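To start, the structure itself, in structure tokens.
Everything quoted here is computed from the prediction, not taken from an experiment.
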Amino acid sequence: MAVQQAEALYASFANALNAGDVPAILMLFEADGQTVPQPGQAPVMGVMGIQEGMEGCVALQPHIQYGETKVIQAGDLALLRGQWRLSVPGPEGKPMDVHGKSAQVARRQADGGWRFVIDDPWDGAW
């Protein structure tokens, strides 16, 4: 199901990631979209690159929560900024937390839904 408001992309991403649902994550991206898999790495592009990066992330069994988010929309484009906290199981069962700020560009699709075009979850890491 298409995400009908740009503001809902973060919740949809969190639900898919927390469920370990890579196909649902991929549906949130345009076919030629891109994401930065790790801080300092070059973006990966297209469905195959995004899938590989997300499969690696899902393998860690993460749980993500978004804090403050902001969306600036201009017609069929939106700039999203958010604060997130990611928890993954660590050694000896103790969770490890990572947090940061992200920036994304999304575009309204022909069906009225929104998808990510550019995803930089590490925007605050440089």
Side-chain angles (χ1 to χ4, degrees):
M1 179 130 206
V3 176
Q4 295 300 310
Q5 296 179 331
E7 297 85 2
L9 282 166
Y10 282 138
S12 296
F13 180 82
N15 288 338
L17 183 64
N18 293 341
D21 190 345
V22 173
I25 293 170
L26 295 177
M27 291 301 299
L28 298 173
F29 285 85
E30 287 191 354
D32 59 351
Q34 58 182 300
T35 187
V36 177
Q38 295 291 326
Q41 288 185 346
V44 294
M45 298 180 198
V47 174
M48 297 302 290
I50 295 169
Q51 179 177 350
E52 184 177 317
M54 294 301 166
E55 285 175 347
C57 184
V58 163
L60 299 173
Q61 300 176 324
H63 180 82
I64 192 167
Q65 292 179 305
Y66 284 94
E68 184 178 340
T69 61
K70 181 177 182 179
V71 177
I72 301 171
Q73 186 175 332
D76 291 338
L77 292 176
L79 172 64
L80 296 88
R81 310 268 328 232
Q83 296 180 356
W84 53 266
R85 180 170 300 280
L86 186 79
S87 178
V88 296
E92 302 171 17
K94 183 177 178 184
M96 297 187 317
D97 289 332
V98 179
H99 58 88
K101 296 178 182 177
S102 63
Q104 289 81 15
V105 175
R107 183 177 8 236
R108 188 186 335 254
Q109 306 298 298
D111 65 0
W114 288 85
R115 290 188 176 185
F116 293 120
V117 180
I118 300 170
D119 171 38
D120 184 0
W122 309 103
D123 182 56
W126 53 277

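- Atom CD1 of I50 is separated from atom SG of C57 by 13.0 Å, given to the nearest 0.5 angstrom.
- Under a hydrophobic clustering in which Ile, Leu, Val, Met, Phe, Trp and Tyr are joined whenever their side-chain heavy atoms come within less than 4.5 Å, directly or via other members, V44 and V117 fall into different clusters.
- With V36 as reference, D120 is the one residue of D120, I118, D123 to meet the side chain to side chain contact (heavy atoms under 4.5 Å, CB included) rule.
- Judged purely by atom type and a 3.5 angstrom limit, N18 uses its side chain to pair as donor or acceptor with the backbone of I64.
- Each of M27 and M54 belongs to its own hydrophobic cluster when Ile, Leu, Val, Met, Phe, Trp and Tyr are linked at side-chain heavy-atom distances under 4.5 angstrom.
- Applying the ring pair (Phe, Tyr, Trp, His ring centres under 6.0 Å) test to F13 and every residue at least two apart in sequence or in another chain returns nothing.
- Within 6.0 Å of atom CD in Q4, more than 12 heavy atoms from other residues, nucleotides or ligands are found, so the atom counts as buried in its surroundings.
- Other residues, nucleotides and ligands contribute at most 12 non-hydrogen atoms within 6.0 Å of the CD atom of E52.
- In terms of heavy-atom proximity, W114 sits nearest to L77 at CZ3-C, 3.9 Å.
- The hydrophobic clustering, which links ILVMFWY residues whose side-chain heavy atoms are closer than 4.5 Å, places L17 and V88 together.
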Exercise for review: Evaluate the criterion side-chain contact (heavy atoms from CB on, under 4.5 Å) for residue pair R85 and H63; output intermediate values, then yes/no.
Suggested key: CA-CA 8 Å; R85 180 170 300 280; H63 180 82; over 6 Å; no
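- Here the closest non-hydrogen pair linking P121 and W84 is O-NE1, 2.9 Å.
- Hydrophobic clustering keeps M45 apart from V47 (ILVMFWY residues linked when any side-chain heavy atoms are closer than 4.5 Å, directly or through intermediates).
- Under the 4.5 Å side-chain heavy-atom criterion for Ile, Leu, Val, Met, Phe, Trp and Tyr, V58 and M96 are members of the same hydrophobic cluster.
- For the 3.5 Å distance criterion, the side chains of S87 and D97 qualify, holding a donor opposite an acceptor.
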